Protein chains: 2
Amino acid sequence: MVLHKEEEVLTTYLKNKNLKLTNQRRVILKLFLNTEIHVTAEELYEKLKHTHPEIGIATVYRTLKLFCDAGLALEVQFGDGFTRYEHHYGHGHHDHLVCEKCGKYIEVIDERIEKLQQSLAEQNNFHILRHRMELYGLCKDCFCKK
Amino acid sequence: MVLHKEEEVLTTYLKNKNLKLTNQRRVILKLFLNTEIHVTAEELYEKLKHTHPEIGIATVYRTLKLFCDAGLALEVQFGDGFTRYEHHYGHGHHDHLVCEKCGKYIEVIDERIEKLQQSLAEQNNFHILRHRMELYGLCKDCFCKK
DNA sequence: AATGATTTTGATAACTAATATCAACTAATT
DNA sequence: AATTAGTTGATATTAGTTATCAAAATCATT
């Protein structure tokens with residue numbers, strides 16, 4: 001529930017770009033930050049419908065892209081056809097464990113793997129700008145339940 | 001240009017499933033195997049248009065899915081909105097280096113990383129079924145040119 | 001080779017996630 | 001309060017892919 005910092009980041013970004021802080025942007029930011037970490041635009045829109053039926057879906061899409069530009073969100077794709085957005089401000093790079101049964105996403109980071117990725121790239125004369133690694137399978141709960 | 005094995009795999013698969021070996025399937029398989037390893041359905045369709053204008057795009061989509069079921073192809077997605085298909089028969093698991101400038105894909109495999117992924121999953125009580133790792137950046141050529 | 005049951009095909013409609021359009025509206029500056 | 005420039009919501013549009021369905025093709029059987 002710590003909004004202060006993120007709201008400040010957004011405000012600063014908007015000011016620098018001569019953009020405006022609208023009520024929609026405030027509302028969507030609040031909801032985004034209080035929602036599970038990997039949401040789609042549609043999911044956010046569904047949640048908004050109850051409390052803010054006046055906010056259109058186009059605005060949700062637009063605003064999430066804006067958050068990415070402002071460094072508050074990051075686009076991720078897990079191959080199910082949806083673009084998801086995760087919290088980015090104050091979050092370092094990480095990889096994902098994706099449970100294919102319950103849909104849970106665990107964020108992980110392993111420095112040894114990061115180093116090996118770098119050396120693997122060097123062996124191939126490749127200059128890494130970014131990377132993604134997702135391990136798909138079953139979380140403990142789903143694995144035990146069978 | 002070694003088609004024999006793959007054609008046999010397809011034939012066997014079709015027979016087991018009581019499906020039929022059509023000329024379209026033969027043509028698309030041949031083209032798929034002689035085409036760069038990560039093609040989209042649209043790309044294959046474009047190439048076919050010249051030599052086989054009678055083959056529809058729906059058939060290309062359908063046939064690529066069929067190849068996946070038969071173990072001849074594998075779906076991959078690099079987040080550009082296209083589903084790509086790579087050769088799968090006789091190809092072991094591998095990861096990708098993706099050049100964001102020229103679009104080249106290099107296939108790589110690093111056993112040390114594979115092992116660490118396994119141990120990372122275990123630390124999190126997670127049971128891996130499959131995974132993907134893509135390193136995005138610039139290949140040597142594109143990096144030197146600018 | 002003809003038959004017949006079943007699968008496949010191509011044209012096209014439909015679907016879905018996401019983006020573009022645009023007149024009405026709103027925030028922020030003067 | 002007026003002005004300017006950005007923003008919004010409804011909706012049309014786009015793009016990749018899948019569904020529909022009558023006509024055509026495959027293949028086992030005769």
Side-chain angles (χ1 to χ4, degrees), chain A residues 7 10-32 38-70 73-85, chain B residues 7 10-32 38-70 73-85:
Chain A
E7 229 175 27
L10 180 61
T11 308
T12 307
Y13 176 81
L14 293 174
K15 207 151 253 167
N16 285 342
K17 295 265 182 178
N18 281 319
L19 303 177
K20 291 169 183 172
L21 179 59
T22 63
N23 197 49
Q24 287 90 330
R25 287 174 178 170
R26 251 188 305 256
V27 168
I28 295 174
L29 177 60
K30 197 178 217 169
L31 180 61
F32 171 63
H38 308 86
V39 264
T40 66
E42 298 274 350
E43 283 165 2
L44 273 188
Y45 176 67
E46 282 305 313
K47 294 191 186 197
L48 276 173
K49 277 216 306 222
H50 311 309
T51 49
H52 296 268
E54 77 280 5
I55 296 185
I57 191 156
T59 301
V60 178
Y61 274 103
R62 279 188 291 238
T63 306
L64 285 171
K65 282 214 174 296
L66 177 76
F67 291 171
C68 289
D69 295 340
L74 196 70
E75 268 192 36
V76 284
Q77 269 156 329
F78 296 133
D80 59 355
F82 292 88
T83 299
R84 290 169 190 283
Y85 294 87
Chain B
E7 228 174 27
L10 181 60
T11 308
T12 307
Y13 176 82
L14 294 174
K15 209 151 253 169
N16 285 341
K17 295 265 183 180
N18 281 317
L19 302 177
K20 291 168 182 172
L21 179 59
T22 63
N23 197 49
Q24 287 90 330
R25 289 177 176 168
R26 252 188 305 255
V27 168
I28 295 173
L29 177 60
K30 197 177 213 167
L31 180 61
F32 171 63
H38 307 86
V39 264
T40 65
E42 299 273 351
E43 283 166 2
L44 273 188
Y45 177 67
E46 282 306 313
K47 294 192 184 193
L48 275 173
K49 277 213 312 219
H50 311 309
T51 48
H52 295 268
E54 77 281 6
I55 295 184
I57 192 158
T59 299
V60 178
Y61 274 102
R62 277 188 293 236
T63 305
L64 286 171
K65 283 213 173 295
L66 177 76
F67 290 172
C68 289
D69 294 340
L74 197 69
E75 268 192 38
V76 285
Q77 269 157 328
F78 296 134
D80 59 355
F82 292 88
T83 299
R84 290 170 189 282
Y85 294 87

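In what follows, chains carry the letters A, B, and so on, assigned in the order in which the sequence lines appear, proteins first and then strands, with residues in each chain numbered from 1. Since this is a predicted model, take the numbers as computed values, not measurements. Heavy-atom basis, side chains included; hydrogens, waters and symmetry copies ignored.
The minimum heavy-atom distance linking Leu10(A) with Leu29(A) is given by the pair CD2-CD2, 3.9 Å. Heavy-atom minimum distance, Arg26(A) versus Leu21(A): NH1-CD2, 3.4 Å.
Remark: side-chain polar atoms of Thr63(B) are paired, donor with acceptor, to backbone N or O of Thr59(B) under 3.5 angstrom. Formation of a donor-acceptor pair under 3.5 Å by the Arg25(B) side chain with backbone atoms of Lys20(B) is found in this model. With hydrogens and angles disregarded, no donor-acceptor distance shorter than 3.5 Å links the side chain of Glu46(A) to the backbone of Glu43(A).
The separation between Asn18(A) atom CG and dT30(C) atom P is 11 Å, rounded to whole Å. In this structure, Leu14(B) places its CG atom 12 Å from C1' of dC27(D), rounding to the nearest Å. In this structure, CD1 of Ile55(A) is placed 17 Å from P of dC25(C), rounded to the nearest angstrom. Taking atom CG on Leu19(A) and atom P on dT26(C), their separation rounds to 19 Å, with Å as the unit. Distance NZ (Lys15(A)) to C1' (dT29(C)): 12 Å, rounded to an integer number of Å. The nearest whole Å value for the distance from the CZ atom in Arg25(A) to the C1' atom in dT7(D) is 6 Å. One interatomic measurement links the two molecules: CG of Asp69(A) to P of dG6(D), which rounds to 16 Å at whole-angstrom precision. Note: CD1 (Ile28(A)) to C1' (dT7(D)) measures 11 Å, nearest angstrom.
Taking 4.0 Å as the cut-off between side-chain N and carboxylate O, Lys65(A) and Glu75(A) count as a salt-bridged pair.
Here dT8(D) is the nucleotide among dT7(D), dT8(D), dG10(C) with the atom lying nearest to any side-chain atom of Thr59(A).
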task = Sugar-phosphate atoms are those with a prime plus P, OP1 and OP2; base atoms are the rest. Using that split, label each nucleotide of nucleotides 11-26 of chain D B, S or - for protein heavy atoms under 4.0 Å, 5' to 3'.
result = -----SBBBB-----B
